[in-house]
Amino acid sequence: IRRAKQNPEGRYAALDAMRAAAISILLSCPMRVANLAALDLKRHVRQRRGGRYPLYSIRIEGCEVKNGTPIEADFGVEVSRILQTYIQQFRPMLTEAPSTALFPQRSTGAPRRPGTLSQDLSAAILRETGLMVHAHLFRHLAAKLFLDASPGEYETVRRILGHKKLETTVQFYSRLTSKKAVERYEDVVLAPMRGKGDG
């Protein structure tokens, strides 16, 4: 988004801003790419606080989500600023067609196709970081980062990812937490014993 703002004219800046907005949303609310691509300014995105620095939220009804669980997220200041910049300054440059799609196609204004958006984000991440990351990987990344910091807190991960059953979350991610669980155990239980000698 910084690069887009430094050279704000033209389609390349608008595409940079679009990618920044999409990645920010995925980092804050790791949804499936089909839901990301379908985000609509009227149906899903709202300002929950106005003013100079508005805060944004999204809500996707359960009927639009693969597992039927609604997606709701209140974005913080950083993500909201990126969204505001993208929506107000750069999104209008992506299409001239009437559109309420958050990520509109150039020719029609319809929402970008999930596969196209995912490929675009993957290519941008590869260019910028050298890492191969597809959009769905953000869901696994969110689970891993959270469970690294809080081993065993599967219920939070279940809610973030929108799994209906806790067993699904545990089945997918329990193998990621064993090492961190042992490290935490050592910190909590064994650390006080260190330095006391063999006495």
Side-chain angles (χ1 to χ4, degrees), residues 1-65 69-129 131 133-139 141-142 145 160-162:
I1 198 74
R2 194 177 303 121
R3 184 168 62 207
K5 288 165 79 174
Q6 286 170 352
N7 187 17
E9 300 301 321
R11 186 164 174 80
Y12 287 114
L15 288 171
D16 269 346
M18 180 198 73
R19 294 173 189 125
I23 290 169
S24 295
I25 290 170
L26 286 174
L27 287 170
S28 296
C29 181
M31 66 185 69
R32 292 174 178 86
V33 70
N35 291 118
L36 177 72
L39 285 174
D40 186 273
L41 288 170
K42 287 191 174 177
R43 289 199 336 266
H44 306 122
V45 181
R46 70 176 181 88
Q47 283 187 23
R48 68 179 190 278
R49 185 185 82 186
R52 186 173 175 189
Y53 300 113
L55 294 177
Y56 286 85
S57 297
I58 60 166
R59 176 171 171 80
I60 305 171
E61 298 298 331
C63 60
E64 299 179 68
V65 181
T69 303
I71 297 172
E72 292 184 85
D74 291 338
F75 297 124
V77 173
E78 277 187 48
V79 174
S80 292
R81 283 185 182 173
I82 290 170
L83 280 175
Q84 179 188 29
T85 300
Y86 166 66
I87 290 168
Q88 292 182 354
Q89 186 175 353
F90 292 103
R91 184 188 162 279
M93 298 163 64
L94 290 176
T95 184
E96 293 181 5
S99 174
T100 57
L102 184 59
F103 305 117
Q105 294 181 35
R106 182 177 195 170
S107 56
T108 65
R112 287 176 181 260
R113 293 184 187 93
T116 304
L117 181 60
S118 182
Q119 288 173 2
D120 185 45
L121 294 178
S122 295
I125 293 168
L126 181 62
R127 278 195 310 272
E128 300 295 329
T129 68
L131 299 173
V133 178
H134 54 81
H136 194 74
L137 196 58
F138 280 90
R139 290 172 59 79
L141 179 63
L145 292 176
I160 290 169
L161 299 183

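Atoms considered below: every heavy atom in the structure, side chains included; atoms not considered: hydrogens, waters and symmetry mates.
A salt bridge links E128 with R3: at least one charged nitrogen is closer than 4.0 Å to a carboxylate oxygen.
Annotation: the span from K5 atom NZ to D16 atom CG amounts to 13.0 Å, rounded to 0.5 Å. Taking CD of Q89 as the start and CD of Q84 as the end, the distance is 10.0 Å to the nearest 0.5 Å. The CD1 atom of I71 sits 5.5 Å away from atom SG of C29, with the distance rounded to the nearest 0.5 Å. One finds the OG1 atom of T100 at 3.5 Å from the CG atom of D40 (value rounded to the nearest 0.5 Å).
P8 places a side-chain heavy atom less than 4.5 Å from the side chain of F90. Between R106 and L94 the shortest side-chain heavy-atom distance does not fall below 4.5 Å. Side-chain contact between V45 and Y56 is present, with heavy atoms from C-beta onward closer than 4.5 Å. Residues I25 and L39 have side chains in contact (heavy-atom distance under 4.5 Å, counting atoms from C-beta outward). In this structure, V65 and M31 have side chains that are not in contact, with every pair of non-hydrogen atoms separated by 4.5 Å or more.
Of all heavy-atom pairs between I60 and E64, the closest is CG2-CB, 3.7 Å. When every heavy atom of M93 is checked against every heavy atom of R11, the shortest pair comes out as O-NH1, 4.0 Å. For L55 against F75, the heavy-atom pair with the smallest separation is CD2-O, 4.0 Å. In terms of heavy atoms, P54 sits closest to S80 at O-CB, 3.4 Å. Minimum interatomic distance between G109 and A97 (heavy atoms only, all atoms of both residues): N-CB, 3.8 Å. A38 and P111 get closest at one heavy-atom pair: CA-CB, 4.3 Å.
No more than 12 heavy atoms of other residues, nucleotides or ligands lie within 6.0 Å of CZ in R113, so this atom counts as exposed by the packing criterion. By the 6.0 Å contact criterion, CD on E78 is open, its count of non-hydrogen atoms from other residues, nucleotides or ligands being 12 or less. Atom CZ of R2 has 12 or fewer neighbouring heavy atoms from other residues, nucleotides or ligands inside a 6.0 Å radius.
Checked by atom type and distance alone, the side chain of T129 pairs as donor or acceptor with a backbone atom of I125 at under 3.5 Å. The backbone N or O of L83 lies less than 3.5 Å from no partner atom in the side chain of R91, so there is not a single donor-acceptor pair.
With sequence neighbours excluded, the residues forming a side-chain hydrogen bond (donor to acceptor under 3.5 Å, both in side chains) with S57 are R48, D74, listed by chain and number.
M18 pairs with exactly one of I23, D120, L121, L102 by the side chain to side chain contact (heavy atoms under 4.5 Å, CB included) rule, that one being D120.
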Start with the C-alpha gap between F103 and L36, add the side-chain angles, then the distance that decides, and say whether side-chain contact (heavy atoms from CB on, under 4.5 Å) holds. CA-CA 9 Å; F103 305 117; L36 177 72; 3.9 Å; yes
